[in-house]
Amino acid sequence: DVVVGDACVRGITGFDREAAYAGMVKHAHTPGDPAGNYGRLGIEDYLAKGYVPADKFTHATSRTLDYAYDDFCLSQVAEALGRHKDVEAYRRRALNYRHVYDPGVGFMRGRNADGGWQEPFDEFAWGDPYIEGGAWQSTWAVQHDPAGLIALMGGPEKVVQKLDRMLAQPPTFHVGTYGQEIHEMTEMARAPFGQYAHSNQPVHHVLFLYAAAGRPDKTQHWVRRIMDTYYTPDSLPGDEDNGEMCSWYVLNALGFYPLTPGHPSFVFSSPLFRAVRVHLANGKTLTITAEHNAPENVYVQRLAVNGRPHDKLWIAHDDLARGGHLQFTMGDQPLEKDYSRQPDALPPSLSPYEG
């Protein structure tokens, strides 16, 4: 769903979008088999209750979050095809992530069929309602609606504080329903980044939620730390599934990353090089320069696109695809700026479409 959605919004052609959409719709409404060969396991409850019950299905919370994000991507394909009623229906479903957030504990967690929360709750336990992670790794999986997630969690300041805690916490894990230490647990524990388990998919977008909360300096700081610490000639941070670990590095080395695959945008991070030329498939060239870039100068002070100041924390895909010059000016101190006064500077989110 995400791959097709991303292809549609970024103008990638050469495949039958109608056939792809028909397959996505069928998948999104077909009860799945436990082996995961087709459909969505627990879809009946997801449609009726807005979530997959944890007392009926494994990995229920992760399924709910995945299905909500998939539904957003379905809405993006529907919009590209002019199916406006479908757009509205799937965007409503994309808000279902709200049903598995418990403000009492501050995490996404397992919810039973009767509406009650799964007990007991252990923020460090892996498995059961989650997959290849626990509450700290899974709670953030709302790539399509960062503004909605931030509001749900109490606002930007509280989200920034929680992200700080995630990175500062000891890398504690309880094996939970896995019953043994799996390699993702080992990889998280060996790294100096607390509960931020960069070795696996669920947190690849998490550092960019700082920018969504108006703190791009923290995104820039931690992205550069991850690149410098994890990616060396002697190490690679974890599952290189479909090239994901190295693509994360390449994109951030250029200075941007897609917080929301399925939306045609990139959020700025901290470019690694002083100058890069990207030769695009359309024959154009994107030149990226980072004046004063150095190991200690990780913070973006100014940004210009083709000579014009760019005040947003993100850039549209088309603006990069046209080629031109993306010019960073770097420094060793965070840029102090109140982005709450400029909400359009924050990364795009589903929330503005609500209603």
Side-chain angles (χ1 to χ4, degrees), residues 1-13 15-32 38-53 57 60-101 108 111 115 139-153 205 208-209 212 258-267 312 314 316-318 343-355:
D1 295 329
V2 179
V3 170
V4 176
D6 207 45
C8 283
V9 299
R10 296 184 191 276
I12 295 172
T13 58
F15 69 100
D16 189 334
R17 295 190 303 175
E18 291 284 356
Y21 182 67
M24 294 167 72
V25 169
K26 182 178 180 180
H27 177 80
H29 292 267
T30 299
Y38 58 82
R40 295 187 185 180
L41 195 65
I43 190 62
E44 305 97 325
D45 286 290
Y46 176 80
L47 295 177
K49 301 176 183 295
Y51 63 94
V52 179
F57 301 97
T61 303
S62 291
R63 292 184 194 278
T64 300
L65 297 171
D66 284 352
Y67 295 172
Y69 181 27
D70 290 342
D71 286 337
F72 167 77
C73 292
L74 267 162
S75 78
Q76 296 291 80
V77 180
E79 185 171 54
L81 296 175
R83 299 173 181 253
H84 302 298
K85 289 185 178 180
D86 287 359
V87 173
E88 183 179 349
Y90 286 117
R91 284 189 177 156
R92 282 199 304 269
R93 283 171 51 167
L95 297 172
N96 280 342
Y97 70 87
R98 298 173 176 180
H99 296 134
V100 291
Y101 180 75
M108 303 287 180
R111 192 167 196 172
T139 289
W140 315 99
V142 187
Q143 293 94 321
H144 58 294
D145 193 14
L149 176 66
I150 289 167
L152 192 65
M153 298 180 76
H205 68 291
F208 305 90
L209 293 176
L259 168 59
T260 309
H263 188 278
S265 60
F266 295 92
V267 177
K312 295 183 178 181
W314 63 281
H317 172 89
D318 285 348
D344 65 331
L346 300 175
S349 194
L350 174 63
S351 291
Y353 299 112
E354 195 175 343

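These figures come from a predicted structure and were not determined experimentally.
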> Apply ring-ring contact (aromatic ring centres under 6.0 Å, His included) to Phe57 and list each qualifying residue two or more places apart in sequence or on a separate chain.
none

> In sequence, state the C-alpha distance, the side-chain angles, and the governing distance for Ile43 and His29, and then conclude on side-chain contact (heavy atoms from CB on, under 4.5 Å).
CA-CA 7 Å; Ile43 190 62; His29 292 267; 5.7 Å; no

> Give a yes or no on whether the backbone of Gly39 and the side-chain of Thr30 come within a donor-acceptor separation of less than 3.5 Å.
no

> With the threshold set at 4.0 Å, does a side-chain nitrogen-carboxylate oxygen contact exist between Asp71 and Arg40?
yes

> For the residue pair Pro264 and Val9, what are the closest heavy atoms and their distance?
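Scanning both residues completely, I find the closest heavy atoms to be CB-O, 3.5 Å.
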
> Under a 4.5 Å cut-off applied to non-hydrogen side-chain atoms, are Leu95 and Arg91 in contact?
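Leu95 vs Arg91: side chains apart.
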
> Looking at Ala94 and Leu350, what are the two nearest heavy atoms and their distance?
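Nearest heavy atoms, Ala94 then Leu350: CB-CD2, 3.7 Å.
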
> What I'd like to find out is whether the side chain of Val77 reaches to under 4.5 Å of the side chain of Leu74, using heavy atoms alone.
no

> List the atom of Tyr97, the atom of Leu152, and the distance in Å for their closest heavy-atom pair.
CE1-CD2, 4.0 Å

> Ring-plane angle category for His144 and Tyr69, please: parallel below 30°, perpendicular beyond 60°, tilted otherwise.
parallel

> If you look at every heavy atom in Pro261 and Cys73, which pair is closest and at what distance?
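Shortest heavy-atom contact: O-SG, 4.0 Å.
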
> Judged by atom type as modelled, is there a donor-acceptor pair below 3.5 Å linking the side chain of Ser75 to the main-chain atoms of Tyr90?
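Flag not set: sc Ser75 to bb Tyr90 has no pair under 3.5 Å.
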
> With distance as the sole test, does His84 use its side chain to make a donor-acceptor pair with the main-chain N or O of Glu79 at under 3.5 Å?
no

> Starting at NE2 of His99, measure out to NZ of Lys49 and round the result to the nearest 0.5 Å.
11.5 Å

> Does a salt bridge link Glu88 with Arg93, judged by any charged N lying under 4.0 Å from a carboxylate O?
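Salt bridge: no.
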
> Whether the side chain of Thr139 engages the backbone of Met108 through a donor-acceptor N/O pair (distance < 3.5 Å, no angle test) should be reported.
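The answer is yes, because a donor-acceptor pair under 3.5 Å joins these two groups.
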
> Indicate yes or no: at least one non-hydrogen side-chain atom of Thr260 is less than 4.5 angstrom from one of Phe72.
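They are in contact (side-chain heavy atoms under 4.5 Å apart), so the answer is yes.
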
> Are Phe266 and Leu259 close enough that some pair of their side-chain heavy atoms sits under 4.5 Å apart?
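Counting from C-beta outward, Phe266 and Leu259 never come under 4.5 Å.
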
> Is the shortest side-chain heavy-atom distance between Met24 and Val4 below 4.5 Å?
yes

> Can you tell me how far apart CG (Asp1) and OH (Tyr67) are? Round to the nearest 0.5 Å.
10.5 Å

> Which distance, rounded to the nearest 0.5 Å, do you find between the OH of Tyr51 and the CG of Leu65?
14.0 Å

> Could you check whether any side-chain heavy atom of Asp45 comes within less than 4.5 Å of a side-chain heavy atom of Val52, counting everything from C-beta outward?
no

> For side-chain contact (heavy atoms from CB on, under 4.5 Å), just list the numbers for Cys8 and Arg17, CA-CA rounded to whole Å, side-chain angles, deciding distance to a tenth of an Å, and then say yes or no.
CA-CA 8 Å; Cys8 283; Arg17 295 190 303 175; 3.7 Å; yes

> Between Asp344 and Lys312, is any pair of side-chain heavy atoms under 4.5 Å apart?
yes

> Write down the atom of Ala147, the atom of Ser351, and the distance for their closest heavy-atom approach.
C-OG, 4.0 Å

> If I take atom CG from residue Asp6 and atom CD1 from residue Ile12, how far apart are they, to the nearest 0.5 angstrom?
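These two atoms lie 6.5 Å from each other.
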
> What heavy-atom pair brings Tyr38 and Pro31 nearest, and what distance separates the two atoms?
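Shortest heavy-atom separation between Tyr38 and Pro31 comes out as CE1-O, 3.5 Å.
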
> Determine whether Trp140 and Met153 satisfy the following criterion, side-chain contact (heavy atoms from CB on, under 4.5 Å), listing intermediate values before the conclusion.
CA-CA 10 Å; Trp140 315 99; Met153 298 180 76; 3.7 Å; yes

> Are the side chains of Pro258 and Arg10 in contact, using a 4.5 Å heavy-atom criterion?
yes

> About how many Å separate CD1 of Ile150 and CG of Leu346, when rounded to the nearest 0.5 Å?
7.5 Å

> For the atom pair CG (Leu209) and CD (Gln143), what is the distance rounded to the nearest 0.5 Å?
8.5 Å

